[in-house]
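In what follows, every chain begins at residue 1, and chains take the letters A, B, ... in the order their sequences are listed. Below, each value reflects all heavy atoms present in this structure, side chains not excepted, and no hydrogens, waters or symmetry copies.
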Number of protein chains: 2
Amino acid sequence: MVMETTKPAAKDASSAETRRRILNAAEVLFVAHGFDGTSMRMLTSQAGVNLASVNYHFGSKEELIRAVFRRRLSELNRARLEALAQVEQDADGAPLRPSRIVDAYFGTALRMAADVQGGGHLFMRLLGRTQTEPHEFVRRFLAEEHGPCVERFLAALYRALPDVPKAEILWRFQFMIGAMSYAIAGPYELQQVAGPFDDDNPERLVGRLMSFLLGGLRAPLGSC
Amino acid sequence: MVMETTKPAAKDASSAETRRRILNAAEVLFVAHGFDGTSMRMLTSQAGVNLASVNYHFGSKEELIRAVFRRRLSELNRARLEALAQVEQDADGAPLRPSRIVDAYFGTALRMAADVQGGGHLFMRLLGRTQTEPHEFVRRFLAEEHGPCVERFLAALYRALPDVPKAEILWRFQFMIGAMSYAIAGPYELQQVAGPFDDDNPERLVGRLMSFLLGGLRAPLGSC
DNA sequence: TTTTGTTTTAAGCATACGCTTAATTTATAC
DNA sequence: GTATAAATTAAGCGTATGCTTAAAACAAAA
């Protein structure tokens, strides 16, 4: 199975290329038709590879799904933690501003989502729908992948907002994730009603969402 | 096909009962496994009816999906419009307070979602995932069903917030829908990280979300 | 009771699914 | 070159899918 005596050389290049094509096709089709709605035959023909390639390279459809997420998610969460570290460094011991924490988490994601040609946009749309994903293995896998990153951000928010009950912060974090997901998914339904938006510049979307999220995060606690 | 000479009597009761059982089973299984993940055989056996019943009563699986949404959505949007009418009546000609409008739309939905035993909770979870639904006929159908209601609420918000650009209101409405969806879906992932919430009382959830939404809606416009 | 229309039932059809397999091709190592 | 491992290919396996159908069961009308 594995070449043990010598280095893989160009052989792996071919293998890696096939894997890349499969992952890219999977990203496109999973967003468009869902996991169940994307058959191996659709997928492999879109990728221009043989039907058996997915099972050869990834083992199963389920493992392919995991690989699709893994590829992008590790980079996203790395960027998030790096941004958070930068915020902490800038603060230089002083308490962190909540707005900086929120930007490190959600701003980083939105900027990845703005990367249309690199595929980040597609992936973020895929990621946004997984909270309510029917397949449990997907939810479980994502919870594991996100876990360490989310943990650190929550801890940062607890410290930055010592007067706010933790349960409240957790819920508001949940709300913010929802708002972000729908920001990325785009206002399909509203456009049907209100006509096309006069402004759907992705640059401005970051500012719009950030403003909204911070307003929500800083809202008074009691009932309104 | 249709009994024309006499009134249907008890015959329809049986028919309606079968339909009701199918719709209820569909709601449960669609939430748990998605549309594609729910087969006609799963569905009919859960409902305790014959496999052919769905096609007999609804025509196809696709039409069944539409019927599942129709049943609850007409009631939800009726309640929303009624709540908005009440707000307008209370205002008695004066400008509406945005918080009242938001409550009429999102509070009504959340209160329906709090109705666990009546099935409203299940349905609202189903509804929350449809924004990013792969099947286009579902998104189109929902846009049509929601259209008139959303249109009226947007118009109300435009009037209540004359200084805010319409595009901004539309986006914030989109963000609010996302936050609500995730509020209803529940913080599954965060619970994995932060442990079980010390408070997930659905009563308080309404207050929590309302506070967050209003904070977001009233946030300053410029970049932060 | 007979008739008429509605609903339920069991069996089956055509097709699509994920995945496997044996053979072949391709590329490198010796 | 020959040997060896990796990757690709075409064919096919067993099973599940949505849906149809013809017959049976049922209920109300005449």
Indicate yes or no: does B:Asp103 engage B:Arg111 in a salt bridge with an N to O separation below 4.0 Å. yes

Using nucleotides 19-25 of chain C, report all nitrogen or oxygen pairs with the protein that are shorter than 3.5 Å.
unit_1: C:dC19; atom_1: OP2; unit_2: A:Lys61; atom_2: N; d: 2.9

Within this structure, what is the CG-to-C1' distance between B:Leu29 and D:dT17, rounded to whole angstrom? 16 Å

Can you see if the side chain of B:Thr18 gets near the phosphate of C:dT8 - specifically, an N or O under 4.0 Å from OP1 or OP2? yes

Can you tell me how far P of C:dG18 sits from CD1 of A:Ile22, to the nearest Å? 14 Å

Taking only side-chain nitrogens and oxygens of B:Ser39, does any of them come within less than 4.0 Å of OP1 or OP2 of D:dA16? no

Would A:Arg172 count as a cation-pi partner of B:Phe212, with NZ or CZ less than 6.0 Å from the six-membered ring centre and within 45° of the ring normal? no

Nucleotide D:dG18, atom P - distance to CD1 of B:Ile65 in whole Å: 10 Å

With a non-hydrogen cut-off below 4.0 angstrom, is B:Thr44 in contact with a base, only sugar-phosphate, or nothing? nothing

Atom pair distance, as rounded to whole Å: CG in B:Asp36 and P in C:dG18: 11 Å

More than 12 non-hydrogen atoms from neighbouring residues, nucleotides or ligands closer than 6.0 Å to NE2 on B:His135, yes or no? yes

Test A:Asn77 against A:Arg80 for side-chain hydrogen bond (donor to acceptor under 3.5 Å, both in side chains), laying out the working first. CA-CA 5 Å; A:Asn77 284 333; A:Arg80 278 169 162 164; 3.2 Å; yes

Should A:Ser53 and A:Arg19 be marked as a side-chain hydrogen bond (donor to acceptor under 3.5 Å, both in side chains) after you check the CA-CA gap, both sets of side-chain angles, and the distance that decides it? CA-CA 9 Å; A:Ser53 294; A:Arg19 288 176 59 98; over 6 Å; no

Taking the basic N atoms (NZ, or NE/NH1/NH2) and the acidic carboxylate oxygens, is any pair closer than 4.0 Å for B:Glu88 and B:Arg152? yes

Separation of C:dG5 P from B:Tyr56 OH (nearest whole Å): 13 Å

Any sub-3.5 Å donor-acceptor pair from A:Gln174's side-chain atoms to B:Tyr182's backbone N or O? yes

Whole Å only: how far is the CG atom of A:Leu64 from the P atom of C:dC17? 15 Å

Figure out the NE2/P separation between B:His135 and D:dG18, and round it to whole Å. 10 Å

Atom-to-atom span, NE2 of B:His33 to P of D:dT17 - whole angstrom: 12 Å

